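Worksheet: the structure to be examined is printed underneath.
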Amino acid sequence: MEYKRIIEIRNEEDTRAFGLELARKCVPGTVIGLIGDLGTGKTTLTKSIAEGLGITRTITSPTFTIVQEYREGRLPLYHFDVYRLHGTEDLFEIGADDYFYGNGVCVVEWADLVLDALPEYAWMIEIEYAEEENGRTYKCTF
């Protein structure tokens, strides 16, 4: 994966600002893939993107439902957690293509597990722990 920019995140406020910025750039059909270890802040970033889209409901990780739909914002948000899937086939069985090429924004946590299923144009963000206590490094393909 080729990264075009690396962003240093110092705290949750930086995460929020980045998520709000991303949301402003989203158009129908935007797909954002998040890659990172447990606890790196994938869901926290998703919450900020949702806020930027005008979604006021509480965002939770859809670990057991695979996809959570939030339709009350500027654009619908489809929040995927594919950690429990057994591969790309499982993703297609739940109709992921309809989401990816639809009228909303898709955020896919654990995107590295289904890379071959994501559209080529997907924005990928690899999140890593930084040396700073609450810091993160975002490696972005866009």
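Quick caveat, the model's predicted, so the values are computed rather than measured.
Under the 4.5 Å side-chain heavy-atom criterion for ILVMFWY residues, no single connected hydrophobic cluster contains both F142 and Y121. Under the 4.5 Å side-chain heavy-atom criterion for ILVMFWY residues, a single connected hydrophobic cluster contains both V31 and L113. Placement of Y138 and L38 in two distinct hydrophobic clusters is found when ILVMFWY residues are connected by side-chain heavy-atom separations under 4.5 Å, directly or transitively. Transitive grouping of hydrophobic side chains (ILVMFWY, heavy atoms separated by less than 4.5 Å) keeps V82 and L45 in distinct clusters. Under the 4.5 Å side-chain heavy-atom criterion for Ile, Leu, Val, Met, Phe, Trp and Tyr, V105 and V67 are members of distinct hydrophobic clusters.
To the nearest 0.5 Å, atom OG1 of residue T43 and atom CD of residue E109 are 3.5 Å apart. Of the inter-residue distances, the one linking E72 atom CD with R57 atom CZ reads 5.5 Å to the nearest 0.5 angstrom. How far CD of E51 is from OG1 of T46: 13.0 Å, rounded to the nearest 0.5 Å. A distance of 11.0 Å separates NE2 in H79 from SG in C106, rounded to the nearest 0.5 Å. To the nearest 0.5 Å, the span separating OG1 on T15 from NZ on K42 amounts to 12.5 Å. Here CD1 of I59 is found 11.5 Å from OG1 of T44. Values are rounded to the nearest 0.5 Å.
Here the closest non-hydrogen pair linking I94 and Y99 is O-CE1, 4.0 Å. Closest non-hydrogen pair, A117 versus F92, comes out as CB-CZ, 3.7 Å. Across W110 and D81, no two heavy atoms sit closer than the pair CD1-OD1, 3.2 Å. Here the closest non-hydrogen pair linking T88 and D116 is OG1-OD1, 2.8 Å. Residues L77 and A50 share a closest heavy-atom pair of CD2-CB, 3.6 Å. Residues L53 and C26 come closest through the heavy atom pair CD2-CB, 4.4 Å.
When the shell of 6.0 Å around OH of Y83 is examined, it contains 12 or fewer heavy atoms from other residues, nucleotides or ligands.
For the pair F18/E13, no side-chain contact is recorded, criterion being any heavy-atom separation below 4.5 Å from C-beta on. A 4.5 Å side-chain heavy-atom check between V107 and L34 finds at least one atom pair inside the cut-off. Between L22 and S48, every side-chain heavy-atom pair lies at or beyond the 4.5 Å cut-off.
Judged as a side chain to side chain contact (heavy atoms under 4.5 Å, CB included), and not counting sequence neighbours, the contacts of A130 are E8, T137. Applying the side chain to side chain contact (heavy atoms under 4.5 Å, CB included) rule to A111 yields the partners I35, V108, L118, M124; only residues at least two apart in sequence or on another chain are considered.
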Give the intermediate values and the outcome of side-chain contact (heavy atoms from CB on, under 4.5 Å) for residues L115 and M1.
CA-CA 10 Å; L115 276 178; M1 201 170 323; 4.0 Å; yes
Please walk me through it: do K25 and E21 pass salt bridge (Lys or Arg N to Asp or Glu O under 4.0 Å)?
CA-CA 7 Å; K25 296 177 180 179; E21 174 191 332; 3.1 Å; yes
Between N134 and E12, is a side-chain contact (heavy atoms from CB on, under 4.5 Å) present by the stated rule, with each step listed?
CA-CA 8 Å; N134 294 315; E12 281 197 33; over 6 Å; no
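Residues R10 and E132 are not paired through a salt bridge, judged by the lack of any N-O separation under 4.0 Å between the basic side chain and the carboxylate.
Aromatic ring pairs are classed by plane angle as parallel below 30°, tilted from 30° to 60° and perpendicular above 60°; the pair F100 and F80 is tilted.
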